Asks: 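This is the structure, below, for whatever I ask next.
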Protein chains: 2
Amino acid sequence: MSKLVIPRKTVYRLSLYYRALARLKANKVETVSSAALAKAAGVKPTQLRKDLTYFGQFGTRGLGYNVLALSAQLTEVLGTTHLQPVILVGAGHLGSALLRYPGFAKEGFEVIAAFDADATRKRSRDLGVPVLPMEEIGRILSSQRIKMAILTVPGNVAQEVANGLIEAGVLAILNFAPIILQVPDNVVVNNVDLAIELENLSYFIQ
Amino acid sequence: MSKLVIPRKTVYRLSLYYRALARLKANKVETVSSAALAKAAGVKPTQLRKDLTYFGQFGTRGLGYNVLALSAQLTEVLGTTHLQPVILVGAGHLGSALLRYPGFAKEGFEVIAAFDADATRKRSRDLGVPVLPMEEIGRILSSQRIKMAILTVPGNVAQEVANGLIEAGVLAILNFAPIILQVPDNVVVNNVDLAIELENLSYFIQ
DNA sequence: CTGTGTGAAGGCTTTCACAGCC
DNA sequence: GGCTGTGAAAGCCTTCACACAG
């Protein structure tokens, strides 16, 4: 497939387009121009059109794009046609909040289990999934085909935990720990660092 | 100042370097080479050196960088020498978790108040800051000099709430709502969209 | 006449290669 | 010899300009 030639940034924006299309769908809009869709996604119209050409032609000249058709194409490219199972490691404050966050399920991800160093820790609410001790990670991952993990453990143990996940077959990690994980080439990591985002903002308002 | 010529991506990486230096400091390391620091930050050594040249020369040839001195320089450039006050809007699951997240304070940000449409909603734990009704935003912001806000409200009200914040003088927004906010040029927004990060990962492991 | 698709140009970032200093 | 600082080259991404289709 031509998958490898799609620039990383384009792939990221495809998700933005997909979101915007979902809203249009909800509003029963059938057709949208690159100008309107681009605005909703916060990019320039030419960029949107260029992004789409990486994997085909979807528009009608003089008219625009069919919302449903384009949306379906994007799901296809992004690989989110099926529910993707995910585990979460580190059920502290942030991890627990993420478990209750409805956004994952809405976008096609199902957190099937959570793990924590202290699995019996008292938690204020039911989290909707079992919280298991870390030692169970290998067993659960090998019994199901899980490739993605959300990592919300403290920074000082993150690398170690990540190593264990990778050994157990995890290929993608969404890392909230404030350190850069060292991983093999076949493993992909996306970092979400809240403090860095704030720091970054603070630079621009100086 | 030469501030405007520093590329956006460089600014972002400065935060990564700053983090890595903090760990070295904690380990009582006095000097570090660009190779070692770059590895800790997940970038190439030449990139680190190039990034630093945008605002000066800090290394000693043949030796490397003084950890404390470089760290101090970065704080200076990033504008995080002082505690920066922040408000949080939307004290739902995610917002509440962020309030308890120790990472902000550690990096020099103090959440001084939280706001929610339902300020009296029963919350499982004390959040460490007062949760006030939305109507109070204007009053609090005008009485204190607050320029930054963390936005954790549902997507369907995010734009409206953002408008209010901007009107009240907010210049920087860390947005967790899954929509692209339309804001004036003088306002800066950083988006954190967890579902998009997962979606992005899922593309790369297809 | 409106709005997409796209080669070419332009701009921005990263990487290289090596001069210069300790 | 080791390691930084940096102009130049390469690579990547965005934007332009316009051909082309409905």
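Any value given below was found using the heavy atoms of this structure, including those in side chains, with hydrogens, waters and symmetry copies removed. Worth saying up front: this structure is predicted, and the values here are computed from it rather than measured. Chain identifiers are assigned alphabetically (A, B, ...) following the order of the sequence lines, protein sequences preceding nucleic acid strands; residue numbering begins at 1 within each chain.
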Asks: Taking only side-chain N and O atoms of Y54(A), does any of them lie within less than 4.0 angstrom of OP1 or OP2 on dG5(C)?
Replies: no
Asks: May I ask you to list the residues of residues 41-52 of chain B, by number, that have any heavy atom positioned under 4.0 Å from an atom of DNA chain D?
Replies: R49(B), K50(B)
Asks: Between S34(A) and dT4(C), is there a side-chain N or O to OP1/OP2 distance below 4.0 Å?
Replies: yes
Asks: Given side chains that start at C-beta, do those of L198(B) and I150(A) come closer than 4.5 Å, heavy atoms only?
Replies: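 Side-chain contact under 4.5 Å: yes.
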Asks: Using whole Å, report how far CZ of R13(A) lies from P of dC13(D).
Replies: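 Distance, rounded to whole Å: 9 Å.
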Asks: Nearest whole Å is fine: how far is dT4(C) C1' from R61(A) CZ?
Replies: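 Atom CZ in R61(A) sits about 5 Å away from atom C1' in dT4(C).
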Asks: Measure from CG on L14(B) to P on dT13(C) and round the result to the nearest Å.
Replies: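 My rounded result for the distance is 13 Å.
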Asks: Between atom CZ in R8(B) and atom P in dC12(C), what is the gap in whole Å?
Replies: 14 Å
Asks: Whether R8(B) engages the ring of F204(A) as a cation-pi pair (distance to the six-membered ring centre under 6.0 angstrom, angle to the ring normal within 45°) should be assessed.
Replies: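 Geometry flag: set, cation within 6.0 Å and 45°.
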Asks: Rounded to the Å, how far apart are L63(A) CG and dG5(C) P?
Replies: 11 Å
Asks: Evaluate E110(B) against V86(B) for side chain to side chain contact (heavy atoms under 4.5 Å, CB included), listing each step before the verdict.
Replies: CA-CA 6 Å; E110(B) 186 194 11; V86(B) 183; over 6 Å; no
Asks: Compare the minimum distances between each of dT14(C), dG5(D), dG5(C) and the side chain of K9(B), then state the nucleotide with the smallest one.
Replies: dT14(C)
Asks: Can you check the Q57(B) CD to dG20(C) P distance for me, whole Å?
Replies: 14 Å
Asks: Considering only residues two or more places apart or on different chains, which pairs with a residue in residues 180-206 of chain B satisfy salt bridge (charged side-chain N to carboxylate O under 4.0 Å, His left out)?
Replies: R19(A)-D193(B)
Asks: Rounded off to whole Å, could you give me the CG-to-C1' distance for the L70(B) and dT4(D) pair?
Replies: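 So the CG-C1' distance, L70(B) to dT4(D), works out to 12 Å.
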Asks: Check each of K9(A), R13(A), K44(A) against D51(A) using the salt bridge (charged side-chain N to carboxylate O under 4.0 Å, His left out) test, and report the only one that passes.
Replies: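 Checked K9(A), R13(A), K44(A) against D51(A); only one passes salt bridge (charged side-chain N to carboxylate O under 4.0 Å, His left out): R13(A).
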Asks: For Q159(A) and N163(A), does a side-chain donor sit closer than 3.5 Å to a side-chain acceptor?
Replies: yes
Asks: To the nearest Å, how far apart are Y17(B) OH and dT4(D) P?
Replies: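 Value for this atom pair: 13 Å.
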Asks: With a 4.5 Å limit on heavy-atom distance, are the side chains of L171(A) and V188(A) in contact?
Replies: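 Of all side-chain heavy-atom pairs linking V188(A) with L171(A), none is under 4.5 Å.
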